[in-house]
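Computed from a predicted model, the values in this text were never measured in an experiment. Values reported hereafter were calculated over all heavy atoms of this structure, with side chains retained and with hydrogens, waters and symmetry mates removed. Chain letters run A, B, ... following the sequence lines, proteins first, then strands; residues in each count from 1.
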Number of protein chains: 2
Amino acid sequence: MSDGSRLILALDLVDVGRALRMAQDISPHCFAIKVNWPIILHAGPQIIREISRFSRVICDLKLADIPNTNRLIVERVRELGAWGVIAHSFVGQDSLRAVVEAAGDMKVFSVVAMSHPGASDLLNRFHDMLIDISMKAGVYGFVAPGNNEAVLRQIRARAGGMKIISPGIGAQGGDEVSAVAAGADYVIVGRKIYQASDPVKVAMEIDQRLSMML
Amino acid sequence: MSDGSRLILALDLVDVGRALRMAQDISPHCFAIKVNWPIILHAGPQIIREISRFSRVICDLKLADIPNTNRLIVERVRELGAWGVIAHSFVGQDSLRAVVEAAGDMKVFSVVAMSHPGASDLLNRFHDMLIDISMKAGVYGFVAPGNNEAVLRQIRARAGGMKIISPGIGAQGGDEVSAVAAGADYVIVGRKIYQASDPVKVAMEIDQRLSMML
């Protein structure tokens, strides 16, 4: 992994062999690797431990359950060696607080707005309130859409020095340079890298483009 | 499993051996068994297939991701033999619609209100809108709190003939008979059963008490 990189690889693959090779190939060029439930359901939970051997792993679990269940999930991914975890804030402060308490040294990022069209049905209208809930719960940083610059700028303005990680780059229409310019600390990129004919080259290019902005 | 029962067992255990024995012991007295992420992270995803051999399994995944990720998760639990799946509606109609489309014959229940205190920070204020989003997405039924009769009655009034399943019974303060009286079709009970000195006896008593209400 690369400590100075602003790139997070979204490992949204369900072919386990391909996912592991991709993780190993891209790891030198990114800050962390984000895994989510589909790969866990295909490879089993040990995939978290396996990737944690050579990279920071952010478990993008979009946790949205009652406090006790959130706690049990977080305790387990912490055991498996994850570096960070993503949880929802809309379920309320107590549920998110349970995540933060169980996380220990793990970094907790809370979702305060999302990148898909349906997010505007309800969720994205409340990003101010979701930031308040998240701050009171004691999270480390926020997840905010990299393909919605207006919303991202508003969240940046309220986030102070807290970290923002942004999905929605590439396949969902966002651009990594614009996302960082609008306030993202790290951009999360998946399909744009692993669907490329030369994924390492694309990852290196994104990494270099972002490092020139520092 | 018991087709006429209104009891759903919440298998909120992380000790895999104990969870499987509990599932087998209680299965004759309940309509379905609800599993969630903690047991999947401890036992691996195959636990869904294992319990599906002798019971309906509802995967309480509280899905709350973008459409493509929701779809990948649902396709996998369907392969594993689940009977039903629980998803959030607040992330928007497109995300929930992706769940319904990938579910095929599986029943999709959407969360329109929750049972923990923090649910009133934001989520539970919007149950009317969440029901609308859910109906447009084509879900089979709703998850609504069995320990909040006022909210449950309001949801029942808008739900028409759609099924409502209700957690929050026992440890979270709800009562199974009151929950059914307020509009639940099925009640979800966990700790009250598996923390009892005689879990089978407690499950049979709940099952009988509810069957007398039919």
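Chain A forms more heavy-atom pairs under 4.5 Å with one residue of B:His88, B:Met114, B:Gln93, B:Arg97 than with any other, namely B:His88. Across B:Leu72, B:Leu123, B:Ile66, the residue that shares the most heavy-atom pairs under 4.5 angstrom with chain A is B:Ile66. Comparing A:Thr69, A:Val74, A:Val14 by how many heavy-atom pairs each has under 4.5 Å with chain B, the most go to A:Thr69. No other option in B:Asp94, B:Val111, B:Ile40 has as many heavy-atom pairs under 4.5 Å with chain A as B:Asp94. Most heavy-atom pairs under 4.5 Å with chain A: of the set B:Glu79, B:Met129, B:Gln46, this distinction falls to B:Met129.
Ring pair A:Phe109/A:Tyr140: centre-to-centre distance below 6.0 Å. Ring to ring, A:Phe126 and B:Phe126 are close: their centroids are under 6.0 angstrom apart.
Only the side chain of B:Asn68 comes within less than 4.5 Å of a heavy atom of chain A; its backbone N, CA, C and O stay farther away. Residue contact with chain A, scored on non-hydrogen atoms closer than 4.5 Å, involves the side chain of B:Ile133 exclusively. Interface remark: B:Leu130 contributes side-chain atoms only to the contact with chain A (heavy atom separation under 4.5 Å). When heavy atoms are compared at a cutoff of 4.5 Å, B:Asn36 approaches chain A solely by way of its side chain, counted from C-beta outward. With a 4.5 angstrom heavy-atom cutoff, B:Glu75 does not touch chain A via any of its atoms. Heavy atoms closer than 4.5 Å to chain B are found in the side chain of A:Gln172, but not in its backbone.
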Carefully, step by step, assess B:Arg191 and B:Asp12 under the rule salt bridge (charged side-chain N to carboxylate O under 4.0 Å, His left out).
CA-CA 8 Å; B:Arg191 287 170 270 189; B:Asp12 295 335; 5.6 Å; no
Test log, rule salt bridge (charged side-chain N to carboxylate O under 4.0 Å, His left out), inputs A:Glu176 and A:Lys192:
CA-CA 11 Å; A:Glu176 59 274 3; A:Lys192 185 173 173 179; 2.8 Å; yes
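Relative to the ring axis of B:Phe31, B:Arg56 places its NZ or CZ within 45° and under 6.0 Å from the centre.
A side-chain N or O of A:Ser5 and one of A:Asp207 form a donor-acceptor pair less than 3.5 Å apart. A side-chain donor from one of A:His116 and B:Ser95 sits under 3.5 Å from a side-chain acceptor of the other.
With respect to B:Lys136 and A:Asp121, no salt bridge is recorded, no charged nitrogen being found less than 4.0 Å from a carboxylate O.
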